[in-house]
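Just below is one structure, and these are the notes that go with it.
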Amino acid sequence: MRDAFYISAAVAFVSTLMVIIQKKVVHALLYLIISLLSVAVIFFTLGAPFAAALEVIIYAGAIMVLFVFVVMMLNLGAEAARQEKSWMSPRMWIGPSVLAAILLADMLVLLARGPAFISGGNVVGPKHVGMALFGPYLAGVELASMLLLAGLAGAYHLGRRLKKEELAERETRR
Amino acid sequence: MDADTLRALLPLIIISATPVAVMLVLAFYRSHALTVFLVLAGLALSFASLFPASGLLPRMAAGLLVLDHYSFFFMGLMFAATFAVALLSYGYLGRKDIFPDEYYILLLIAAAGSAVIVSSSHFASFFLGLELLSVPLYALISYPRANPRNVEAGIKYLILAGTSSAFLLFGMALVYAELGTMEFPRISTAALFPGTDRNFVLAGVAMIITGIGFKLALVPFHMWTPDVYEGAPAPVAAFVATVSKGAMFALLLRYFTIFDIRRYGSLMLLFTVISIASMFAGNLLALFQNNVKRLLAYSSIAHLGYLLVAFLASGVLAAAAVAFYLAAYFVSTLGAFGVISVLSGKERDADMIDDYMGLAWRSPWLAGIFAAMLLSLAGIPLTAGFIGKFFIAAAGVDSSLWALVIILVINSAIGLFYYLRVIAALYSRRPGALAASPKLPVLGGITLGALSVALLWLGVYPATMLEIIRNTISRFF
């Protein structure tokens with residue numbers, strides 16, 4: 001169990017480092033997905049399979065796929081398409097694939113050995129999470145909802161189309 | 001949760017409901033004046049609801065928040081400061097060609113975050129409150145987003161706040177791993193069990209201090225402050241300097257009072273070094289600044305250093321000194337940034353000392369108010385800042401922190417130089433870069449007038465404030 005933890009922690013470390021040093025944003029995103037997946041495996045080894053599943057579904061799944069799509073859609077035009085093709089060279093896939101393969105092997109060994117978590121049989125399932133969130137941490141859930149509202153309002157303002165006057169101002173400042 | 005707890009939670013509920021209400025109104029009808037009116041009404045209502053709720057204290061709410069007179073005092077201070085910031089923002093944003101409305105939603109959420117921080121007694125609520133304060137600030141700092149300087153400041157704040165949150169979380173994790181609890185009172189008792197690894201806990205606490213230090217801009221975590229203050233819109237800079245720092249300091253005081261910092265010599269030493277470094281670095285770096293916002297940023301670093309002297313003195317007297325000093329610092333800083341806000345035009349903020357050359361001959365009242373605010377920051381008698389500094393020195397002497405008190409006095413003398421430099425510019429005969437006679441916006445003028453009255457009142461007749469502090473802060477000890 002401990003080995004599995006250290007292997008996935010090492011993968012998390014390497015992939016996060018690669019996120020930072022990549023020059024192309026799409027390549028960085030690929031490594032970020034691996035990083036999130038390895039965090040999910042860490043959650044699993046710690047005895048929180050539900051948190052691991054959420055990590056995969058929400059972070060690695062929904063949010064990251066959204067990121068990749070947005071980045072892809074931002075680069076429009078023939079020139080950009082050719083550039084994108086050069087990013088997709090097979091060499092780029094090797095790094096993330098190897099890391100993902102290590103994680104997969106790690107995970108398979110874990111599943112084959114059967115459930116024996118570091119925390120010592122104390123598995124945190126969906127029911128525990130729900131009871132904690134809507135019991136002692138109810139105020140925390142409410143506060144987190146306010147936090148999402150803040151993020152939403154901020155992103156809405158910063159991402160909104162500029163007014164004509166603002167565009168003119170930006171031009172004059174260039 | 002019973003009805004009484006809900007009633008005691010009313011200030012927090014109102015301050016959280018107001019941004020939602022403002023947002024819903026915005027969906028149907030956009031009017032800057034109406035938005036500001038709703039914001040001010042919400043803030044006034046949450047301030048007013050502190051009084052009926054204060055009879056029901058102290059009590060725990062939802063396991064994460066502690067509602068006592070201590071948190072209510074600071075909540076009142078935060079709401080009042082946010083009220084002043086909102087008033088100043090109305091004129092400031094009105095002069096710029098931007099959509100002004102989302103600004104107020106973010107401002108209110110940040111105020112709610114500060115209220116959560118001052119009433120948190122659990123790592124979870126502390127961290128959520130901190131994020132609730134930080135996330136709106138990223139957008140607020142870069143709000144006039146056509147200006148690259150604002151965006152740059154916003155990104156700087158985003159990266160540094162993210163780093164500090166990471167430190168904070170890791171520290172909390174270390175403390176939780178060793179002690180198995182995240183509640184402040186239980187942490188302090190669990191840390192004393194014979195079996196606990198003290199070094200583990202101290203490492204965690206040191207990382208928590210790092211996270212808090214970033215937010216308070218204490219040396220050596222102060223690098224971001226001048227850049228962010230310079231880039232942020234003037235009212236937002238006022239908010240960062242007052243509400244954001246004040247809430248964190250209130251939490252610091254609560255946490256380490258419960259933790260009983262005097263039992264940990266290494267932590268006392270750490271805070272002593274940070275305090276001395278903050279005082280000297282803040283004052284020395286401010287000496288030759290030509291940008292008033294940067295100057296105020298460095299001065300705020302020094303002020304936090306002064307506050308740490310009272311924090312280290314620890315005890316009832318010291319807590320009262322911290323509360324009074326924070327109130328005085330809030331009034332003076334809001335006033336100083338308020339003058340910058342009302343003078344700032346559409347293109348840029350009036351942030352260079354040259355802009356203020358000879359202001360006294362064109363608008364004597366405004367220059368007088370600015371001078372009064374700066375004198376209060378410097379700690380000249382008759383102003384709030386003097387009484388505040390006096391109490392801090394008294395608290396330091398009471399705990400025989402002689403070295404710190406002497407350094408505080410030396411630093412006050414150094415600080416006087418750069419405040420006087422700005423005042424000399426205000427009253428110089430040379431014409432300045434600003435328009436011939438700046439037109440004072442009505443709301444801004446009223447705000448500055450009220451802040452000046454508060455400044456003199458705290459400075460000449462501090463008994464009222466001390467009575468309030470005795471009835472609120474001192475009960476915590």
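Taking the ring centre of Tyr70(B) as origin, the terminal cationic atom of Arg254(B) falls outside the region bounded by 6.0 Å and 45° from the ring axis.
Checking side-chain atoms of Asn291(B) against main-chain N and O of Met352(B) turns up no donor-acceptor pair under 3.5 Å.
Proximity to chain A (any heavy atom under 4.5 Å) is shown, for Met60(B), by neither the backbone nor the side chain. Heavy-atom distances place the side chain of Glu102(B), and not its backbone, under 4.5 Å from chain A. With a threshold of 4.5 angstrom between heavy atoms, Leu106(B) approaches chain A through side-chain atoms but not through N, CA, C or O.
Partners of Tyr157(B) under the side-chain hydrogen bond (donor to acceptor under 3.5 Å, both in side chains) rule, at least two apart in sequence or in another chain, are Lys215(B).
Inter-residue side-chain proximity for Leu137(B) and Phe239(B) is flagged as met; some heavy-atom pair is nearer than 4.5 Å.
The two residues His128(A) and Val124(A) come nearest to each other via the heavy atoms CB-CG1, 3.9 Å. Scanning all heavy atoms of the two residues, the minimum distance from Leu67(B) to Met75(B) falls at CD2-CE, 4.1 Å.
Here Arg149(B) pairs with Asp351(B) in a salt bridge; the nearest charged N to carboxylate O distance falls below 4.0 Å.
Near-neighbour residues of residues 139-148 of chain A relative to chain B, defined by a heavy atom under 4.5 Å from a heavy atom of that chain, comprise Ala139(A), Gly140(A), Leu143(A), Ala144(A), Met146(A), Leu147(A).
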